[in-house]
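Structure record follows, encoded as structure tokens.
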Amino acid sequence: MDQWTFLDTGVRSAAENIALDDILFTCRNKNFIPNTFRFLQFAPSAVLVGFHQSVDQEVRIDYCREHSIDINRRITGGGAIYLDETQLGWELIASKDFPLMPGRTEELYELLCKCTVNGLKQLGVKAAFRPKNDIEVDGRKISGTGGTFGERVFLFQGTLLTDFDVDTMLRSLRIPIEKLKDKEVESVRERVTCLKWEIGYLPEIVTIKTVLKEGFAEILNVEIVERELTKREKVMLKDKIEHYQSDAWIYGVRRPIKHRKTLKSVIKTPGGLIRTSLIVDIPNKRIQSALITGDFFAYPKRTIFDLESILKDSVMDQTEIEDKIMGFFQEREVQIPGVTPTDFVKAIQKALEKIKYLKLGIPLEDVNNIFTVTDTFDNVIDTPVFLIPYCAKLPECNYRQQKGCSKCGKCTVSDAYELAEKKEMTPITILNFEDLMQTLNELKQKGVKAFLGSCCEAFYTKHLDDFLEAGLPGILIDINNETCYDLGQEREAYNGKFENQTNLKIDLIRRVIDHLR
Ligand code: SF4
């Protein structure tokens, strides 16, 4: 039986842990040390981006600084992760010629993930490998992994979520939710799990380490012999620590945040709403990650998590995405009442369509502030009316509950009226929900081809059905300020009795009106 050494380097800073990765990798490559298995823990808490990732794109830097969360970059690939003292990192630094070394990288990932799965079995957790490099329990991720390869050796590492502070993780990383609303946080919580949630208590760290170590030894058929850091490794750590603490290392990969964008869509299906949130890398034309939520029912529940997983790292190509999604559903027994595979294709495409807005002069930060009804943004051109919500008028204005505006300049409605009239469009104040429906029907009967309007995202989502039923294509522009939905006053607003004032996004309205004929 092969003998591997085992190092428990304890709780260290991110820079020390990453320096040790480099040192162990180098030492194994030079044959100074045998194959090694290591446990690592982090304090202070840390956010680590993958080797090829940019901190600006992946990390909420201000939040991390305010909360004394370390930021660093791994020597291994993969995505950004948040680690606090409760997470346990494990890694293998080994020669590529160890007896069980598979031919393909994917198989090596699977083999090494199975070691953790094997260890977790001892704690009663039924974990499984999920291609290409995750470990999951019933569709929820419990461990992410990644690795790097040298000429003769590889380093493969993972993190086991033992206990988990979801809120801090969400606030530290730029994951595909932007406003951190309760519902969105909950949707992320559904996609991850940790040891404590699975077995109802947090075992002692020494127990977790023992089962994982045994899991690795059994699957790899090796004997693991404990050792301390060698003198050489300690000297190297002193030499290298400065480099791994430096901005040159941490921020060495720079990609502007503007190149990484969240694109969102909402579509209505007979089975419910599908909300899609994609993080895309625009210059490289890739979907970095996808979050699909909604009020539809999917059986098995993990279907949507698996779908998100296959969309990760996809090329932003319509045919490729369609093939992936259709292939995904063909291979599985899945029931999603009232939702077809084509609906998911449409949801993704509707989000990706927003990239086209850029060519039409809409700034990247505004693409999710535009909603469309029954047609695409670039097809809605001939719009002779601009529908303005009464809630944007000053509460004490005499026109608040009336059509019209004297353009006194005291609120954004004045600017909206002027912009519309300059373009020979008719501005129409919408006084309540019934007035909106009646106006849309009248416009349709008069042969109007499309409308431009302004409303909040929550109103659009809630009344998407009604907009679709009215059947008039349109563009809607989001509004600023807390809306009736944020304040829980939807009923008042429905009846035209919402007392607060919202502000129209005049700059965006100007740009959209410029695009219209
Ligand atoms: S701009 Fe129009 S809506 Fe706003 S306060 Fe003046 S009159 Fe009223």
Side-chain angles (χ1 to χ4, degrees), residues 361-363 365-366 368-373 380 382-444 446 448 450-463 466-467 470 472-517:
I362 307 298
E365 59 272 20
D366 267 331
N368 291 316
N369 294 324
I370 295 175
F371 323 121
T372 53
V373 179
V380 177
D382 198 354
T383 56
V385 292
F386 183 21
L387 311 184
I388 298 168
Y390 78 93
C391 62
K393 292 181 170 177
L394 216 57
E396 58 271 27
C397 171
N398 289 336
Y399 285 98
R400 174 93 171 179
Q401 294 300 325
Q402 307 286 324
K403 301 280 177 186
C405 158
S406 71
K407 293 184 268 178
C408 74
K410 288 185 187 157
C411 75
T412 51
V413 173
S414 194
D415 302 322
Y417 265 65
E418 270 175 18
L419 282 171
E421 285 166 358
K422 221 165 143 190
K423 193 81 176 180
E424 296 179 350
M425 294 165 76
T426 308
I428 303 173
T429 304
I430 298 297
L431 300 174
N432 54 44
F433 176 72
E434 265 85 28
D435 186 32
L436 170 65
M437 288 299 110
Q438 199 182 326
T439 307
L440 289 175
N441 284 328
E442 284 170 7
L443 290 170
K444 204 175 164 198
K446 280 186 200 157
V448 165
F451 72 93
L452 175 67
S454 196
C455 73
C456 68
E457 187 185 1
F459 182 89
Y460 165 75
T461 308
K462 179 148 190 223
H463 293 290
D466 301 304
F467 279 117
L472 195 63
I475 295 174
L476 288 157
I477 297 167
D478 201 359
I479 50 184
N480 286 328
N481 301 53
E482 283 193 312
T483 67
C484 60
Y485 288 88
D486 297 323
L487 300 167
Q489 295 178 21
E490 302 139 67
R491 188 75 348 232
E492 290 83 345
Y494 184 92
N495 295 318
K497 298 203 165 46
F498 178 54
E499 296 297 337
N500 285 41
Q501 189 196 1
T502 57
N503 283 310
L504 301 171
K505 289 182 180 286
I506 293 299
D507 281 347
L508 182 56
I509 290 169
R510 186 178 291 112
R511 286 175 198 273
V512 173
I513 284 186
D514 281 350
H515 141 76
L516 300 173
R517 197 154 41 220

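Starting from 1, each residue takes its place in the sequence as its number. The figures that follow rest on heavy atoms only: side chains count, while hydrogens, waters and symmetry mates do not. Remember, it's 1-based here, ligands and their atoms both numbered in the order they're listed.
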Side chain to side chain contact (heavy atoms under 4.5 Å, CB included) between Y417 and I388, worked out: CA-CA 9 Å; Y417 265 65; I388 298 168; 3.6 Å; yes
Worked verdict on K410 versus C397 for side chain to side chain contact (heavy atoms under 4.5 Å, CB included): CA-CA 9 Å; K410 288 185 187 157; C397 171; over 6 Å; no
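Residues I428 and K403 are in side-chain contact: their nearest non-hydrogen atoms beyond the backbone lie under 4.5 Å apart.
Checked for salt-bridge contact, D514 and R511 miss the test: no charged N lies under 4.0 Å from a carboxylate O.
Note: F467 and F459 have perpendicular aromatic rings, judged against thresholds of 30 and 60 degrees for the angle between ring planes.
Tested against T439 for a side chain to side chain contact (heavy atoms under 4.5 Å, CB included), the candidates T429, I430, V385 yield a single pass: I430.
Only protein N, O or S atoms were considered, and those under 2.8 Å from atom 4 (Fe) of ligand 1 are C411 SG.
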